[in-house]
Asks: 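Handing you this structure, nothing more for now.
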Amino acid sequence: MGRPVVRHSSRKIPKREQKPPTTKSDSPGTIPPYHSFTHLEAESLRKDLLAWYDRCKRDLPWRRLASSESDPDRRAYSVWVSEVMLQQTQVSTVIDYYNKWMKTWPTIQDLAKASLEEVNEKWSGLGYYSRGRRLHEGAGKVVLELEGQIPRTAEDLQRLLPGVGRYTAGAIASISYGQVTGVVDGNVIRVLSRLRCIGADFTTPAVSDALWSLANCLVDPLRPGDFNQAMMELGATVCTPKKALCSDCPLQNQCRAYRRVSCVMVT
Ligand code: SF4
């Protein structure tokens with residue numbers, strides 16, 4: 001029997017940080033049981049996913065910084081820069097830009113002192129210059145209005161920093177501060193949709209809210225940042241858009257899409 005191939009619908013997956021939906025509640029009660037996870041399933045998924053992540057994660061400079069930096073503001077700044085750069089750009093391209101950026105401006109205070117021209121020059125080649133401008137603007141705001149302290153929760157990050165939407169706020173808060181909050185980007189949408197066979201249009205507010213609820217219910221309470229990165233890593237390297245590598249997937253046993261495809265191939 002050949003390996004089942006799980007393909008995703010041709011609908012365009014949004015990049016990170018598109019318009020966030022307005023969520024009234026993250027209660028899993030709004031999600032039909034078939035598309036949800038039981039307590040035991042969620043526990044097992046966290047364990048399998050994190051074990052895989054510990055074994056297989058890519059060694060990336062922002063991950064190294066986030067895990068070795070003891071100062072929370074420096075940690076949050078290093079994650080914030082990486083998340084903004086990654087919004088529209090491939091990891092392989094970002095690495096070099098990220099390393100140069102952090103060498104030039106290792107702290108948010110350093111970035112706040114830079115001129116916009118210097119920022120644009122450093123951003124040159126990455127595209128979407130408004131991202132660099134917003135980062136610079138945010139650094140100025142943190143230094144001038146927030147006494148140099150980057151907000152400590154996803155809610156405050158989104159509320160207080162220019163250009164920081166729901167995804168980026170959740171990523172910074174979970175990775176830098178250990179806040180137990182999920183994230184949803186294109187990779188997470190694809191993984192969750194396949195795991196629970198969600199075929200509905202995720203661009204609608206109801207489905208988007210349901211995906212955020214699922215992500216918030218699933219996130220590991222002890223390692224939220226690693227869990228979120230693991231979900232995105234799985235989507236980027238294994239549960240890929242065109243041809244998922246299901247035989248390498250740590251979540252195969254829990255995947256409804258995989259089970260369906262396997263059943264079709266057997267009958
Ligand atoms: S979650 Fe895993 S098993 Fe399911 S489609 Fe993606 S790669 Fe395949």
Side-chain angles (χ1 to χ4, degrees), residues 6-50 83 87 153-155 157-159 164-175 179-221 223-225 227-236 238-241 244 246 249-261:
V6 176
R7 293 179 196 284
H8 201 263
S9 83
S10 56
R11 211 167 41 228
K12 193 167 182 290
I13 292 217
K15 296 271 187 196
R16 292 173 176 194
E17 214 58 284
Q18 291 213 333
K19 237 187 232 169
T22 49
T23 307
K24 289 188 184 116
S25 156
D26 281 332
S27 158
T30 54
I31 304 168
Y34 182 73
H35 298 305
S36 192
F37 295 86
T38 65
H39 181 68
L40 280 180
E41 285 171 337
E43 287 213 323
S44 161
L45 183 147
R46 290 177 194 129
K47 190 167 140 279
D48 293 344
L49 184 65
L50 285 167
E83 289 298 339
Q87 274 167 20
T153 65
E155 296 72 24
L157 284 158
Q158 190 176 351
R159 187 169 56 85
V164 172
R166 192 174 184 184
Y167 164 79
T168 303
I172 297 171
S174 61
I175 299 169
Q179 184 182 351
V180 184
T181 184
V183 296
V184 172
D185 74 343
N187 283 319
V188 175
I189 289 173
R190 186 170 55 256
V191 173
L192 287 177
S193 299
R194 288 173 174 172
L195 283 173
R196 293 293 112 171
C197 269
I198 299 170
D201 181 358
F202 50 71
T203 61
T204 62
V207 177
S208 182
D209 279 355
L211 290 165
W212 274 96
S213 294
L214 268 186
N216 280 330
C217 291
L218 272 184
V219 65
D220 188 282
R223 297 176 61 190
F227 180 87
N228 288 335
Q229 291 183 89
M231 284 289 278
M232 294 187 274
E233 185 89 342
L234 190 77
V238 176
C239 194
T240 46
C246 299
C249 181
L251 307 182
Q252 196 192 88
N253 287 341
Q254 305 202 29
C255 183
R256 298 221 155 107
Y258 179 81
R259 223 174 290 154
R260 274 199 186 180
V261 174

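Numbering of residues begins at 1 and proceeds along the displayed sequence. Please read all numbers here as calculations on a predicted model, not as lab measurements.
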Asks: From Phe227 CZ over to Glu233 CD, what is the distance, rounded to the nearest 0.5 angstrom?
Replies: 13.5 Å

Asks: Go through Asp220 and Leu49 one step at a time and tell me if the side-chain contact (heavy atoms from CB on, under 4.5 Å) criterion holds.
Replies: CA-CA 10 Å; Asp220 188 282; Leu49 184 65; over 6 Å; no

Asks: Before giving the answer on side-chain contact (heavy atoms from CB on, under 4.5 Å), spell out for Met231 and Leu192 the whole-Å C-alpha distance, their side-chain angles and the decisive distance to 0.1 Å.
Replies: CA-CA 9 Å; Met231 284 289 278; Leu192 287 177; 3.7 Å; yes

Asks: Any chance you could measure Thr38, atom OG1, to Gln254, atom CD, to the nearest 0.5 Å?
Replies: 8.0 Å

Asks: If you take all heavy atoms of Pro241 and Arg194, which pair is closest and at what distance?
Replies: O-NH2, 3.0 Å

Asks: For the pair Arg259 (side chain) and Asn253 (backbone), establish whether a donor and an acceptor sit closer than 3.5 Å, ignoring hydrogens and angles.
Replies: yes

Asks: Between Ser208 and Val184, is there a side-chain heavy-atom distance shorter than 4.5 Å?
Replies: no

Asks: What's the spacing between Asp185 CG and Met232 CE if we round to 0.5 Å?
Replies: 5.5 Å

Asks: In Å, rounded to the nearest 0.5 Å, how long is the span from CG of Asn216 to CG of Leu211?
Replies: 11.0 Å

Asks: Would you say Asn228's side chain and Thr181's backbone share a donor-acceptor pair under 3.5 angstrom?
Replies: yes

Asks: Which heavy-atom pair separates Thr153 from Ala173 by the least distance, and what is that distance?
Replies: C-CB, 4.1 Å

Asks: Under the 3.5 angstrom rule, does the side chain of Ser44 hit a backbone N or O of Leu40 as a donor-acceptor pair?
Replies: no

Asks: Give a yes/no verdict on a cation-pi contact between Arg196 and Phe37, requiring under 6.0 Å between NZ or CZ and the six-membered ring centre and an angle within 45° of the axis.
Replies: yes

Asks: What distance separates Glu43 CD from Leu45 CG, expressed to the nearest 0.5 Å?
Replies: 11.0 Å

Asks: Is the closest side-chain heavy-atom distance between Leu214 and His35 below 4.5 Å?
Replies: no

Asks: Between Gln179 and Ala154 (side chain of the first, backbone of the second, donor and acceptor by atom type, cut-off under 3.5 Å), is there such a pair?
Replies: yes

Asks: If you compare all heavy atoms of Ala257 against all heavy atoms of Cys197, which two are closest, and at what distance to 0.1 Å?
Replies: N-SG, 3.6 Å

Asks: Does Gly235 offer a backbone N or O that forms a donor-acceptor pair with the side chain of Arg190 under 3.5 Å?
Replies: yes

Asks: Just verifying a value: how many Å separate Glu41 CD and Arg46 CZ, rounded to the nearest 0.5 Å?
Replies: 11.5 Å

Asks: Under a 3.5 Å threshold, yes or no: a donor from one side chain and an acceptor from the other, between Gln87 and Thr168?
Replies: yes

Asks: Which atom pair, heavy atoms only, marks the closest approach of Ala215 to Val183?
Replies: CB-O, 3.7 Å

Asks: I need the minimum non-hydrogen distance between Cys239 and Ala244, along with the two atoms involved.
Replies: CA-CB, 4.2 Å

